[in-house]
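As structure tokens, the structure follows; a few thoughts come after it.
Naming: A, B, ... by sequence-line order, numbering from 1 per chain.
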Amino acid sequence: MDILDKLKILADAAKYDVSCSSSGSERKNKAGGIGNAAVSGICHSWSDDGRCISLLKILMTNYCVYDCAYCVNRVSNSIPRAAFTPKEIAELTINFYRRNYIEGLFLSAAIMKNPNHTMELLLKTVTLLRENYNFNGYIHVKAIPGADGRLIEATGEVVDRMSVNIELPSDEGLKLLAPEKKKEALIKPMGLIDRQIIQRKEERRIFRNAPSFVPAGQSTQLIVGATQDHDYRILKLSEGLYNRFHLKRVYYSAYVPIVNHPNLPSITNPPTLREHRLYQADWLLRFYGFDADELLDEAQPNFDQLLDPKCDWALRNMKLFPVEVNKAEYETLLRVPGIGVKSALRIITARKMAPITYDGLKKIGVVLKRAKYFITCQGKYYSDVGFREKLIRLSLTEKPLKEPTETNEIQLSFLTMPAIRENVNSIITGEL
Amino acid sequence: MVIYVFDGSFEGFLTAIYESYYNKEKPDKIVAMDDYVENLIDRPIFIETDEIKSDKVYAGIKNKISTNALKKVYHVFLSEVMEAPTVIYHYLRLGFKIGNKVDLNLMDDWVLRMDKINQQVASEKHRMLGLLRFQLVENDLYYAPLAPDHNIIALMANHFAQRMSDQKWMIHDTKRCIAVVYDLKEWIITPIDLPAPPVGKEEYLYQQLWKEYYQSIAIKERRNPRLQKRCMPVRYWSFLTEKK
Ligand code: SF4
């Protein structure tokens with residue numbers, strides 16, 4: 001099989017992994033070498049689905065011994081199979097990189113023969129790239145659950161990011177759709193990677209030259225809509241992963257109905273709005289100081305389709321509003337619907353010079369469409385419907401939101417948002 | 001209106017700033033020669049570029065305002081937006097008055113205009129760091145043409161000099177007929193008038209592979225051309241291998 005056919009099969013099989021981030025690493029080029037990592041990440045193109053392309057995202061192979069119901073690569077599915085050699089991947093990566101098509105490589109694999117064999121192949125490939133090709137660009141590799149800890153450790157020393165995809169948010173889901181996978185087997189490598197990251201950071205504080213270990217951290221992916229799990233359960237899981245394993249990102253992937261299986265729901269469209277709400281909520285957890293329990297509970301376990309999670313939260317907590325923009329602390333400003341990190345920082349800078357007026361807010365670029373219901377400016381409240389929960393709710397939900405990925409996405413500026421280390425323009429940020 | 005007209009160079013512009021402090025007639029506008037259209041009402045004052053004067057202003061911005069302000073001035077100048085020189089002039093007047101606090105004045109219209117143009121330049125630069133496409137041509141040279149809105153190739157050079165340090169490359173701004181050329185040691189910026197060089201067989205193969213990858217990676221069930229076009233404006237597509 002020639003390289004073009006392999007690429008077709010193994011890129012196609014990799015596309016449902018949504019992560020394409022190339023951020024968070026500061027790897028430098030070496031003398032005579034090629035490549036480095038850009039800490040804010042760089043998008044190199046956008047595919048027809050509007051997603052940013054930053055990395056060459058491929059599977060090493062799609063031969064798989066497992067039979068996960070939701071997956072195209074499952075052993076019982078009859079599809080064309082292929083496998084790259086480490087050298088083929090290295091050549092592709094280097095040649096794409098030299099032409100500035102990509103920031104680096106995201107290498108994953110189905111389970112060929114067994115977890116150890118697969119992990120060995122991955123390790124061999126990334127080592128070849130780093131050592132023989134002197135490649136210092138970004139590399140993200142999958143840690144294969146069930147593989148020997150030493151293999152995972154050795155890989156972590158070479159790459160910038162590692163991830164283990166949990167995919168199904170609960171035990172029941174796993175039992176139903178991926179009976180060969182055990183939650184413990186998925187969690188174990190995460191714990192291992194996390195401990196290594198912490199330990200190496202300590203070592204590097206003492207020995208500057210100690211090897212780095214996945215400097216861009218680890219991430220995971222959860223499929224939304226393939227199981228019965230509600231948003232609350234998913235968000236609690238994410239929160240747990242952030243707190244316990246210090247994950248850099250949890251990605252959410254709306255289930256795309258590609259395979260028929262009695263245990264899978266029959267839907268026609270991927271639940272993209274739901275996925276979007278989860279990204280928004282995830283953003284609230286990571287950057288705005290929210291807890292999952294503030295946003296949802298057993299009584300209301302799913303996000304409102306018509307309101308973003310922050311508006312929804314604010315409307316349920318009217319007693320905390322309105323806040324005075326000239327006095328409120330940074331953390332309080334961040335909780336105002338419509339005010340993001342950038343706006344909050346600008347408000348704080350501007351009010352050092354002089355009190356901010358309502359027009360002044362507009363001038364410095366604060367979008368007031370939602371914010372106006374929740375703030376006062378020099379003591380004055382500006383909303384046209386008064387401070388009444390019902391009316392505000394109505395004004396905020398009047399028109400059902402359009403396709404979310406098109407309207408709600410807010411451009412992040414890599415210059416003004418030092419706290420955010422993800423790709424600009426990424427559709428999967430969910431900033432509010 | 002009094003209009004200062006300078007030769008279009010950064011030194012010429014800084015000289016104009018110098019003159020604005022010593023000339024009794026203050027400018028209402030400062031424009032580059034190429035943007036100046038003569039008319040009956042305006043009174044042009046033609047500025048003669050003077051290195052000593054421009055150096056003084058350069059050092060003045062750095063020492064009396066801030067290095068950051070100097071960088072901003074340069075980037076806004078490179079925007080080649082017609083009103084940019086005038087915006088910078090007003091920004092600098094405020095800056096020389098209040099020093100490094102100038103950038104905190106978010107309520108000042110000129111400071112805001114500066115920020116906005118600066119942001120446009122920065123975001124185009126960042127975007128092009130990703131969208132630039134090299135092609136392997138004769139003599140092992142990697143050649144990349146582009147036609148950006150703003151004059152950004154000098155701002156992109158360091159990034160590629162670090163990253164692609166072991167390959168010879170050229171970034172060619174076809175709109176302005178200038179290029180950054182890197183020879184494995186250092187980069188220089190030079191005027192250039194050159195048709196696109198032909199590509200060989202190896203280059204053709206990798207272009208094919210990249211196009212194939214680009215097609216395969218899209219999830220058809222989630223097609224979203226509007227989002228795609230917003231992230232990657234169509235005016236850049238003619239230089240993108242995957243969109244040709
Ligand atoms: S192990 Fe991975 S590749 Fe194999 S069937 Fe399951 S999800 Fe698919």
Tell me, do Leu106(B) and Arg346(A) make a side-chain contact under 4.5 Å, heavy atoms counted?
yes
Between Glu242(B), Gln207(B), Glu203(B), Glu202(B), the one whose heavy-atom pairs under 4.5 Å with chain A are most numerous
Glu203(B)
Please identify, among Trp210(B), Phe134(B), Tyr142(B), the residue contributing the most non-hydrogen atom pairs under 4.5 Å to chain A.
Trp210(B)
Out of Asp12(A), Asn134(A), Asp48(A), which one racks up the most heavy-atom pairs below 4.5 Å with chain B?
Asp48(A)
Considering only heavy atoms, which portion of Ile9(A) lies under 4.5 Å from any heavy atom of chain B: side chain, backbone, both, or neither?
neither
Asn29(A) portion near chain B, given a 4.5 angstrom heavy-atom threshold:
side chain
Please say whether more than 12 non-hydrogen atoms of neighbouring residues, nucleotides or ligands are located less than 6.0 Å from NZ in Lys175(B).
yes
In terms of heavy-atom contacts, does OH of Tyr236(B) have more than 12 from other residues, nucleotides or ligands at under 6.0 Å?
yes
Is the shortest heavy-atom distance from the side chain of Trp169(B) to the side chain of Leu132(B) under 4.5 Å?
no
Could you look at Leu131(B) and say if it's the side chain, the backbone, both or neither that has a heavy atom under 4.5 Å from chain A?
both
Answer whether the closest heavy-atom distance between the side chains of Ile30(B) and Phe13(B) falls below 4.5 Å.
yes
Side chains of Tyr101(A) and Tyr213(B) in contact at under 4.5 Å (non-hydrogen atoms):
no
Under 4.5 Å from any heavy atom of chain B - which part of Ile34(A)
both
Quick one: are the ring centres of Phe160(B) and Tyr182(B) less than 6.0 Å apart?
no
As an exercise: rank Lys229(B), Glu221(B), Lys243(B), Lys220(B) by heavy-atom pairs under 4.5 Å with chain A and give me the winner.
Glu221(B)
Evaluate whether atom OH of Tyr206(B) has more than 12 neighbouring non-hydrogen atoms of other residues, nucleotides or ligands under 6.0 angstrom away.
yes
Can you say whether Ala354(A) sits under 4.5 Å from chain B via the side chain, the backbone, both, or neither, judging by heavy atoms?
neither
Min side-chain heavy-atom separation Ile339(A)-Ile347(A) under 4.5 Å:
yes
Please classify the contact between Lys8(A) and chain B as side chain, backbone, both or neither, with a heavy-atom cut-off of under 4.5 Å.
both
Quick check on the interface: out of Gln215(B), Met107(B), Gln228(B), Arg163(B), who has the most heavy-atom pairs with chain A under 4.5 Å?
Arg163(B)
With only heavy atoms counted, which part of Ile3(A) is less than 4.5 Å from chain B, the side chain, the backbone, both or neither?
both
With chain B as the partner, which of Lys28(A), Lys15(A), Glu103(A), Arg99(A) has the greatest number of non-hydrogen pairs under 4.5 Å?
Arg99(A)
For Ala38(A), is it the side chain, the backbone, both or neither that has a heavy atom under 4.5 Å from a heavy atom of chain B?
both
Using a 4.5 angstrom heavy-atom cutoff, name the option from Leu205(B), Leu240(B), Leu209(B), Leu184(B) with the most pairs to chain A.
Leu209(B)
For chain B, the option from Ser45(A), Ala11(A), Ala14(A) that forms the most heavy-atom pairs under 4.5 Å
Ser45(A)
Flag the pair His150(B) / Leu78(B) as yes when at least one side-chain heavy-atom distance between them is below 4.5 Å, and no otherwise.
no
